[in-house]
4 protein chains.
Amino acid sequence: MAASSRSGPVRSEAARQAILQAAVEMLAERGYDHLAIEGIASRAGVGKQTIYRWWKSKSAIIAEALLEGMILAERLEVPDTGDVRRDLTAWLRAVGDVLLSPQGESLARSLIAAATDNADVGQRLRDVIAGSGSGAVSTRLTAALGSEPHLPPGAPVDDISEALVGALLLRALSRTPLDDDAIAALVTVAVGPPSL
Amino acid sequence: MAASSRSGPVRSEAARQAILQAAVEMLAERGYDHLAIEGIASRAGVGKQTIYRWWKSKSAIIAEALLEGMILAERLEVPDTGDVRRDLTAWLRAVGDVLLSPQGESLARSLIAAATDNADVGQRLRDVIAGSGSGAVSTRLTAALGSEPHLPPGAPVDDISEALVGALLLRALSRTPLDDDAIAALVTVAVGPPSL
Amino acid sequence: MAASSRSGPVRSEAARQAILQAAVEMLAERGYDHLAIEGIASRAGVGKQTIYRWWKSKSAIIAEALLEGMILAERLEVPDTGDVRRDLTAWLRAVGDVLLSPQGESLARSLIAAATDNADVGQRLRDVIAGSGSGAVSTRLTAALGSEPHLPPGAPVDDISEALVGALLLRALSRTPLDDDAIAALVTVAVGPPSL
Amino acid sequence: MAASSRSGPVRSEAARQAILQAAVEMLAERGYDHLAIEGIASRAGVGKQTIYRWWKSKSAIIAEALLEGMILAERLEVPDTGDVRRDLTAWLRAVGDVLLSPQGESLARSLIAAATDNADVGQRLRDVIAGSGSGAVSTRLTAALGSEPHLPPGAPVDDISEALVGALLLRALSRTPLDDDAIAALVTVAVGPPSL
DNA sequence: GGGTAACCGAGACGGTACGTCAAGTCTTATT
DNA sequence: AATAAGACTTGACGTACCGTCTCGGTTACCC
């Protein structure tokens with residue numbers, strides 16, 4: 001049975017982990033450009049060839065790290081207190097604060113830069129934040145369908161999430177801080193104006 | 001008066017134009033990374049020092065070209081037929097089509113990458129598209145205030161525009177094409193559900 | 001008795017032959033540098049370790065191939081018509097022609113390069129050509145002792161051969177072709193000026 | 001007049017010297033293979049590109065150093081006491097001693113290796129030693145024409161020199177030391193047997 | 001109208017990183 | 001135990017650009 005196949009040593013999991021780890025650390029420290037394959041290799045204690053054997057580019061490494069949850073793991077979950085409006089506000093506040101910090105801003109732009117030359121990174125970035133996992137905006141909005149006049153059953157929650165996240169992205173790119181007015185406005189865009 | 005002083009020749013406008021021109025062309029041809037100062041200099045028939053004398057980085061060149069209207073000049077104007085819903089739909093369709101073409105997609109990502117390491121580019125990108133000039137989304141929405149139930153006077157048109165443009169950016173990054181359903185959904189996000 | 005012992009398969013003669021064969025072919029095709037152990041292994045259908053187990057370096061492989069007569073096998077035999085002068089002339093002519101051809105020249109330099117980092121190759125090169133086998137210069141000169149005034153019994157035939165071969169070597173290194181004058185001169189060096 | 005030509009900075013003589021110097025030192029220390037362009041660059045305090053800009057290969061650097069007299073400068077001059085036989089013997093003795101020392105042997109083989117992949121090195125090696133400058137074998141033999149029965153006017157001194165030097169090369173390649181018998185034999189090859 | 005200062009093109013320089021090749025060692029499964 | 005396969009670290013290759021720095025030549029203003 002088992003078609004079997006080849007002999008020889010098997011891919012080293014230790015090397016793989018060390019590479020992802022080193023990449024994530026250096027991404028945070030120095031930003032996406034200035035992130036060098038040689039640097040990752042040397043920090044991970046690994047030969048360059050081992051990186052090139054398994055990944056096509058540095059953006060592919062970032063994509064995999066993202067997939068493994070080594071970046072943006074959990075900080076960005078949307079809370080669920082039953083009150084969508086308040087939850088969205090709190091989440092936007094949290095995200096806005098992260099974007100205000102130098103590291104947060106830098107990380108955000110690094111991820112965007114990575115997405116720029118790797119479709120997977122863009123895809124995953126969108127999935128992780130706007131997507132459908134627990135804690136994602138889309139999920140939270142789905143739960144709130146029907147509870148607000150502007151959010152009737154059938155409302156396009158995915159697209160609303162996308163618009164919300166897109167707005168944050170644009171803020172990050174233009175270095176415009178997210179103040180309370182902007183947050184209120186975005187909540188309005190998502191779920192309609194506050195009742196009275 | 002003329003506090004000035006200084007002798008010597010004045011900045012060569014011809015060189016400046018040649019540099020911007022070369023940068024714009026090569027940006028379109030080869031993408032933001034792979035855009036090299038040396039390449040721009042040689043294509044423009046200019047010494048490297050002439051570039052470094054006047055710009056701090058290649059992203060600054062792109063920023064200036066953007067400001068001069070040498071990129072994204074006019075294609076992206078929002079029409080005004082009196083019917084916001086129809087106008088937005090048409091505009092999103094047009095933008096979506098641009099993003100579908102290889103050059104359009106590449107240019108979009110190149111600009112995002114440029115924005116990634118230059119605040120001005122991000123700022124101008126936001127202004128040009130979402131901003132307040134004639135043909136910008138925000139302007140069109142302002143004109144429509146009051147004409148739709150979801151767009152009462154005082155609605156946060158700037159933030160709505162931002163969300164719309166952000167959604168497009170996110171699509172560009174994740175290489176998700178903009179189909180008719182998505183367009184309809186985005187219009188709903190912006191100006192509310194179609195009346196019956 | 002049969003001290004022996006040891007289980008497991010024994011050195012594979014097939015592998016050994018395949019390796020030597022592959023090495024000789026690739027030496028001729030691509031030259032000594034550009035001759036890679038990995039290339040030999042893959043052409044021979046053999047694991048790298050099998051090569052490293054039995055040889056210390058690629059020059060050792062060449063040395064062994066040389067010993068096996070897989071290189072320079074026979075082309076370079078000195079004829080024996082009874083007339084040393086004529087025989088030497090013919091042989092030098094033949095060698096000179098080989099050195100003129102691209103493959104011949106390349107092979108010669110490859111062997112010199114191999115000799116450069118392996119004493120055995122140097123030794124064998126000297127033995128094979130200048131040495132004492134049948135067809136070697138030294139042997140031919142020994143047979144001619146006494147037949148020429150400059151070649152009395154007791155003449156240092158080994159050293160004369162060495163000088164002759166060395167001259168060829170120097171020609172190969174300096175890419176100086178061996179013309180008829182040079183051949184005549186070398187014959188004079190070896191066996192004295194033509195009578196008359 | 002003077003057609004002139006281009007502007008711009010001029011080749012740095014300091015860099016050129018540093019590179020040749022570093023190359024010569026490392027050649028002596030580590031041998032021709034193991035001589036790395038990167039090593040030369042770093043020892044010379046120079047960018048790699050500066051080397052590649054002016055030389056095609058490491059053997060070309062060695063060729064130039066040889067031409068500049070930075071290698072084999074003077075040690076190998078043939079003395080001239082009036083007695084060819086004695087002079088050649090002394091010179092062969094000196095060369096033989098150099099070849100016996102580890103550095104000398106290694107240097108000799110390094111030069112041969114360099115000649116192996118660069119025609120100029122081979123050419124210059126031949127010229128410097130066998131050639132026609134003062135102190136060269138050929139020159140010495142020319143001076144001795146007529147003074148020995150085996151060295152009549154018109155004897156092919158260039159070819160004799162070549163044979164002598166070639167014999168030394170062959171000794172170097174095969175790691176055969178040059179003993180007194182061999183020296184005597186070579187002198188015999190060159191100028192005939194000792195008179196009684 | 002001679003000085004002098006800033007411009008311009010060209011491009012050499014010391015560097016960093018790229019992506020590739022091969023070396024020699026080690027590991028696995030197979031024979 | 002020897003093999004074919006091939007992953008591993010290391011180190012060098014030759015190339016592309018970086019940003020800085022000369023060069024020689026050319027304006028334009030200022031005495």
Side-chain angles (χ1 to χ4, degrees), chain A residues 4-12 14-16 33-42 44-54 56-58, chain B residues 4-12 14-15 33-42 44-54 56-58, chain C residues 6-12 14-15 33-42 44-54 56-58, chain D residues 4-12 14-16 33-42 44-54 56-58:
Chain A
S4 158
S5 49
R6 50 167 227 82
S7 67
V10 108
R11 177 172 184 180
S12 157
R16 183 174 155 273
D33 19 334
H34 305 120
L35 178 61
I37 300 250
E38 294 203 342
I40 296 173
S42 103
V46 134
K48 264 203 291 183
Q49 201 54 44
T50 299
I51 297 185
Y52 284 108
R53 188 166 12 246
W54 303 110
K56 289 179 61 172
S57 64
K58 63 181 182 176
Chain B
S4 162
S5 68
R6 226 200 97 258
S7 64
V10 108
R11 177 172 186 181
S12 155
D33 19 337
H34 304 120
L35 179 62
I37 299 260
E38 295 201 340
I40 296 173
S42 104
V46 134
K48 274 204 287 181
Q49 197 59 248
T50 300
I51 296 185
Y52 283 108
R53 188 161 18 238
W54 304 108
K56 289 178 60 173
S57 63
K58 65 180 181 178
Chain C
R6 227 189 104 264
S7 65
V10 107
R11 177 172 187 180
S12 155
D33 19 336
H34 305 118
L35 178 62
I37 300 258
E38 295 201 341
I40 297 173
S42 104
V46 133
K48 273 203 287 181
Q49 200 54 43
T50 301
I51 296 184
Y52 283 109
R53 200 178 345 261
W54 302 109
K56 289 179 60 176
S57 63
K58 63 181 181 177
Chain D
S4 159
S5 50
R6 50 165 227 84
S7 65
V10 109
R11 178 172 185 179
S12 157
R16 183 175 155 274
D33 19 335
H34 306 118
L35 179 61
I37 301 249
E38 294 204 341
I40 296 173
S42 104
V46 135
K48 266 204 288 183
Q49 201 54 46
T50 299
I51 297 184
Y52 284 108
R53 184 158 23 238
W54 302 109
K56 289 179 63 174
S57 63
K58 63 181 182 176

Output the rounded distance in Å from [atom1] ([X]) to [atom2] ([N]).
X	N	atom1	atom2	result
D:Arg11	F:dT22	CZ	C1'	17 Å
A:Ile51	F:dT10	CD1	C1'	14 Å
B:His34	E:dG19	NE2	P	8 Å
B:Glu38	F:dC18	CD	P	6 Å
D:Asp33	E:dC21	CG	P	22 Å
C:Ile40	E:dG24	CD1	P	11 Å

State whether [X] places a side-chain N or O below 4.0 Å from either non-bridging phosphate oxygen (OP1 or OP2) of [N].
X	N	answer
B:Thr50	E:dC7	no
A:Trp54	F:dC8	yes
D:Arg53	E:dC13	yes

Where is the tightest heavy-atom contact between [X] and [Y], given as atom of each residue plus distance?
X	Y	answer
D:Gly47	D:Ala41	C-CB, 4.3 Å
A:Val46	A:Ala15	CG2-CB, 4.0 Å
D:Ile51	D:Ile40	CD1-CG2, 3.9 Å

Quick one: the side chain of [X] and the base of [N], do they pair up donor-acceptor inside 3.5 Å?
X	N	answer
A:Lys48	E:dG19	yes
D:Ser7	E:dG9	yes
A:Gln49	E:dC21	yes

What is the nucleic acid contact for C:Gly39, judged by heavy atoms within less than 4.0 Å: base, sugar-phosphate only, or nothing? nothing
When C:Val46 and D:Val10 are each assigned the nearest nucleotide of DNA chain F, the 5'-most assignment goes to C:Val46
For B:Leu35 and A:Gly47, find the nucleotide of DNA chain F closest to each by heavy atoms; which residue's nucleotide sits nearer the 5' end? A:Gly47
Note: for D:Ser12 and A:Lys56 on DNA chain E, the residue whose nearest nucleotide lies more 5' is D:Ser12
Starting from the 5' end of DNA chain E, give me the residue, A:Tyr52 or D:Gly8, whose nearest nucleotide shows up first. D:Gly8
How about A:Arg53 and A:Thr50: do any of their side-chain heavy atoms sit closer than 4.5 Å? yes
Hey, are the side chains of A:Arg16 and A:Trp54 touching, using non-hydrogen atoms and a 4.5 Å cut-off? no
Starting the side chain at C-beta, find the nucleotide from E:dG24, F:dC18, F:dT27 nearest to B:Ile37. F:dC18
D:Ala15 side chain, from C-beta outward: closest of E:dC13, F:dC17, F:dG19: E:dC13
